[in-house]
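Report on the structure given below.
Because only heavy atoms are used, hydrogens play no part in the values below, and waters and symmetry mates are left out as well, while side chains stay in. Here the structure is a predicted model, which means the values were calculated and not measured. Order of the sequence lines sets the chain letters (A, B, ...), proteins ahead of strands, with each chain counted from 1.
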Amino acid sequence: MSLSRFAQIFPPERLLTSAAHLSAYESDALTAFHSRPVAVVVPESADEVIAAVRLCRELGMPFVARGSGTSLSGGSLPVAGGIVIALNRLNRILKLDATERIAVVEPGVVNTQVTLAAQPFGLHYAPDPSSQTICTIGGNVAFNSGGAHCLKYGMTSNHVLGIKAVLATGEVVEFGGPSRESIGPDYTGLFVGSEGLFGIALEITLQLLPRAECFHTVLAGYRTLEEAGDAVSAVVASGLLPGALEIMDALAIQAAEAAVQSGYPKGCEAVLIVELEGPREKVAAERPALDALLAASKPIESRVAANAAERAKIWKGRKSAFSAVGRLSPDFIVQDGVVPRQRLGEALRRISEMAREAGIRVANVFHAGDGNLHPLILYDGRESGALERAEELAGRILKMCVAMGGSLTGEHGIGVEKRAYLPDMFSADEIALMHRIRAAFDPLGIANPGKMFPGGDAPALVQHGLHPLEKSGVISRE
Amino acid sequence: MKTPSTVAEVADIIRSSKRVLAVGAQTKPRLSQVPDEVTLISMRNLSGIVEYDPGEFTFTAFAGTPLREIVATLAAQGQYLPFDPPLVESGATIGGTVAAGLSGPGRFRYGGLRDFILAVRFLDGNGTQLRGGAKVVKNAAGFDIPKFLVGSLGRFGVLTEVTFKVFPCPPALMTFEIPCANAAEAAAHIAKAASGRWEFDALDYDGTRILARLRGPQEALDLLAADILNCWPAAKRADNAVWDGIREWRFVGADGLLVKIPVTLRKLPALEAILQARNMALHVVGGSVAYAYHSNVSYSETLNEALVEVSLGGLTLRGFGARLCHGDSHHSAVAQSLKLAFDPCHRLGA
Ligand SMILES: Cc1cc2nc3c(=O)[nH]c(=O)nc-3n(C[C@H](O)[C@H](O)[C@H](O)COP(=O)(O)OP(=O)(O)OC[C@H]3O[C@@H](n4cnc5c(N)ncnc54)[C@H](O)[C@@H]3O)c2cc1C
């Protein structure tokens, strides 16, 4: 039996095979899907990861890399008959070079740890997904994760300078390096966002940026979503480049308020968070223009964070929105489509119409500056057919985003969840090229199979319930 | 040289040729120096801005569009490409800039060309028309083919159309210079400036001085200037026009030698020594990429050997007959498999 071969690499306490152990790995944050792997291996060194991947290749056995399992698209869902390679113990920051402003990290390092390590040098790691206190850099790399500052600073890909990885062929490669420039083609750029289909990142070189000296964070509440959207258009047209432009709708505000009491203004259909940042002289010079613009947008109430604590409070409401929505509904699906920014208003109107027709509640939280929607589709999995209806609505929303000239996903990845829609965005020839690219890295198709591309075995669906990590008390929605 | 006017014609040329290389205005002549059997495809006639909506912060242009036209169109709407594509006045095209993978001084602040490219249309080695990416400022669907093609030198596809993210252009800019005796001193200045509060927009080193640039509202720059001059007693204000010469690579003539060398601050002194020993000068952008040059092509293979020794690599942009790629020549197996994925018959590239 092949597991005995893994036992030659991993001691019993790091080769998990019992049902009790495996159940914690059956799902990621797309809790509707679950699948039990044959085993979970827990390497403590890059060499163990390489050995495990090479053995998988020899055995033709599928493997799924896993960071913290917070993927919202089923990216880290195990593959039946395969193993999970859990990377949380590869959590060392190998190097932090303040002169070069880079960090070299293992894949299991948690996102916020990088910024914490960089802080004493006045530096930070820019990508900040809302899950940043738990998700790993390896997961961020696989999904090209975003956050609230993407318009100005880009996504994970824009901050990854180099990657050492073991490919599904067993080959160990080093792409890019410590320099911010390279000579193409850009293999590092291709690896980021490959959703675990190429192999496993072992060492990642990240660029660090100086922390902005000063922030001007404004929270404005509006009577309608449309008014909040108009305010965003006015900001964009003004020539300012805010670090963040975020909107939450009434349902999301209600959820966030119940969860973390950020003190968002009452009676609003939408709140907008706008943040200017930079040297104090620059923020002071830009502030009057933003304040005038926002005053002209007629908010019910607008509030400026007077200090770091008030700023943190405003952001806490926004960052907790996903998990807070869990309080409104036993189950939900998060969508992640992108539309051209100026069509946000139209997209939101159509989402609310579709939701009304379907009789489903949808909360909206979104990155307004870059047109990245996050409709949270609420359902109760105990009701028969509820999950299917929610998924159908999710699918209609995705198709709408693509038809409007946007994208299926801004930052959560295709995963299992959106794979059927890939042909809505790309032609058969384009998908064929992506298959060929995948095959160059993974000719046997053993790295995270069944993800991104349409077809393949459908994983089992559970109609309702908590994330396995929630059940085991590792994460919670508060 | 073939000069097609439609994408279909380009596809026909690819299919009917043994080997092809797409070229723009040939402002980086070493990149289009090819053996006789390679057919050059001029993209000159596939030119023009296809879509530009300032409110979206994006534009799409045919690959043969001159940068000059793009920069002017954006400027008319108060926008710009923050990575400062080089050779704007010299006639470079956007497609050639992508394939060569070139950014200018502004790459320091918000990243290089790779960080602003959003989508591409291209033809693979079979002449099949394909797209990658999406024409919106944020997208994570499918593999990031647009990024992969940056710096690919026409070996993986013939670009026909590109989409970029743009930013609003800050209203004013201000330039400072700080004299430096050598690269070690320059690296120390750059390290200090780069992690400080000032948010420099560019930090170049030209062999004798640091050239630093700020962008933003004029009143903020005036205040920041006082603080900067205080922190660097040797610094003084310099003419903004200095950036025009850097952008057009006026430091080296069209028939000189010019090699792009990605570098780090720590390796800068070693690189400077290697170049000085060969009578070459350097211009360093953002502490991360050096342009090594010489006024005539007096190329010596020892340059490559010396770079390999300190684990640096390089790409020759100008210099007839000089080695194209410098550095470790080891190619991963996956690099070869990827070439086949895009170009199974080995038709593309010099
Ligand atoms: C409450 C909540 C809020 C969120 N907010 C955001 C947000 O604001 N922005 C955003 O972009 N995402 C967000 N996410 C989604 C998720 O956190 C990100 O996708 C994150 O990057 C996943 O990291 P992880 O460590 O949990 O990876 P996992 O879920 O464990 O894995 C994700 C994918 O990465 C692959 N992978 C993991 N490690 C490696 C490796 N070393 N090499 C190769 N492949 C690897 C896996 O196979 C899988 O395909 C949120 C999720 C939750 C639950």
Side-chain angles (χ1 to χ4, degrees), chain A residues 98-101 121-123 143-144 146 150-151 154 157-158 167 171 173 178-186 189-190 192-194 210 213 236-237 239 241 278-279 281-282 285-286 338 340-342 370-372 405-411 413-414 425-426 429-430 433-434 436-437 440-441, chain B residues 53 55-56 78 101 111-112 114-115 124 128 130-132 134-144 147-153 156 167-168 191 194-199 216-217 219-220 223-224 260 262-266 286 288-289 313-315 325 332-335 337-338 340-342:
Chain A
T99 300
E100 303 286 4
R101 289 151 287 120
F121 307 100
L123 302 171
F143 272 162
N144 193 11
C150 293
L151 181 64
S157 191
N158 305 105
L167 306 181
E171 183 182 12
V173 292
S179 175
R180 281 163 165 74
E181 261 286 345
S182 64
I183 288 179
D186 194 336
L190 181 63
V192 178
S194 59
E213 178 188 29
V236 167
L241 182 62
E281 297 88 343
K282 196 165 162 225
E286 289 180 345
V338 183
R341 204 195 46 74
Q342 292 171 105
D370 43 34
N372 188 189
S407 170
L408 293 168
T409 170
E411 52 182 24
I414 301 286
M425 191 164 159
F426 295 106
D429 283 336
E430 288 152 6
L433 172 65
M434 289 189 210
R436 295 199 299 276
I437 293 172
F441 287 91
Chain B
D53 187 342
E56 292 299 336
R114 75 182 292 275
D115 300 299
D124 69 7
T128 307
L130 300 160
R131 296 163 310 154
K135 293 177 173 180
V136 279
V137 294
K138 195 173 184 188
N139 165 46
F143 300 137
D144 198 341
K147 265 201 194 61
F148 180 66
L149 294 178
V150 173
S152 63
L153 303 178
F156 291 82
F167 277 168
S195 48
R197 68 177 197 91
W198 308 278
E199 288 193 352
E219 63 267 39
L223 293 169
L224 278 164
K260 171 189 161 175
V263 69
T264 58
L265 291 179
R266 287 186 202 287
S288 61
V289 57
L315 178 73
C325 291
S332 59
V334 72
S337 311
L338 273 170
L340 292 178
F342 283 85

Structural part of V173(A) lying under 4.5 Å from a heavy atom of chain B =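 The answer is the side chain of V173(A).
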After noting the C-alpha distance and the side-chain angles of R131(B) and L433(A), does the key distance pass the side chain to side chain contact (heavy atoms under 4.5 Å, CB included) rule?
-> CA-CA 10 Å; R131(B) 296 163 310 154; L433(A) 172 65; over 6 Å; no
Okay, T128(B) and chain A: the region with an atom under 4.5 Å from a heavy atom over there is side chain
Specify which of [options] makes the most heavy-atom pairs with chain A at under 4.5 Å.
{"options": "L340(B), D53(B), L153(B)", "value": "D53(B)"}
{"options": "G142(B), G132(B), A191(B), A134(B)", "value": "G142(B)"}
{"options": "G101(B), G78(B), A141(B)", "value": "A141(B)"}
{"options": "P262(B), A335(B), G196(B)", "value": "P262(B)"}
{"options": "L315(B), V150(B), V263(B), N139(B)", "value": "N139(B)"}

Locate the shortest heavy-atom distance separating [X] from [Y]; write the atom from each residue and the value.
{"X": "E286(A)", "Y": "P217(B)", "value": "CG-CG, 3.9 Å"}
{"X": "W198(B)", "Y": "P279(A)", "value": "O-CG, 3.5 Å"}
{"X": "I437(A)", "Y": "A341(B)", "value": "N-CB, 4.1 Å"}

Contacts of type side-chain hydrogen bond (donor to acceptor under 3.5 Å, both in side chains), residue E219(B), not counting sequence neighbours = none
Inter-residue atom distance F143(B).CZ - I414(A).CD1, 0.5 Å rounding | 10.5 Å
First locate atom CG of D144(B), then atom OG of S194(A), and finally report the distance between them rounded to the nearest 0.5 Å.
-> 10.0 Å
Could you tell me whether the side chain of [X] and the main chain of [Y] form a donor-acceptor pair under 3.5 Å?
{"X": "S179(A)", "Y": "S288(B)", "answer": "yes"}
{"X": "K260(B)", "Y": "S182(A)", "answer": "yes"}
{"X": "E281(A)", "Y": "L224(B)", "answer": "no"}
{"X": "E171(A)", "Y": "A333(B)", "answer": "yes"}
{"X": "E100(A)", "Y": "R266(B)", "answer": "yes"}
{"X": "E56(B)", "Y": "R341(A)", "answer": "yes"}

Heavy-atom pairs under 4.5 Å with chain B are the metric here; pick the option from [options] that has the most.
{"options": "G413(A), G146(A), P340(A), G405(A)", "result": "P340(A)"}
{"options": "L123(A), T99(A), V192(A)", "result": "T99(A)"}
{"options": "G410(A), S157(A), A285(A)", "result": "G410(A)"}
{"options": "N372(A), L408(A), V236(A), I183(A)", "result": "I183(A)"}

List the steps, then state whether side chain to side chain contact (heavy atoms under 4.5 Å, CB included) holds for V137(B) with L151(A).
-> CA-CA 7 Å; V137(B) 294; L151(A) 181 64; 4.1 Å; yes
So F426(A) and L130(B), side chain to side chain contact (heavy atoms under 4.5 Å, CB included) or not? Walk me through it.
-> CA-CA 9 Å; F426(A) 295 106; L130(B) 300 160; over 6 Å; no
Sequence neighbours left out, what passes side chain to side chain contact (heavy atoms under 4.5 Å, CB included) with S152(B)? Give chain and number order.
-> P185(A), L149(B), F156(B)
Which is it for D429(A) and D124(B) under the side chain to side chain contact (heavy atoms under 4.5 Å, CB included) test, yes or no, and what are the steps along the way?
-> CA-CA 10 Å; D429(A) 283 336; D124(B) 69 7; over 6 Å; no
Does the side chain of N158(A) come within less than 4.5 Å of K147(B)'s, by heavy atoms?
->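 Touching, per the 4.5 Å side-chain cut-off.
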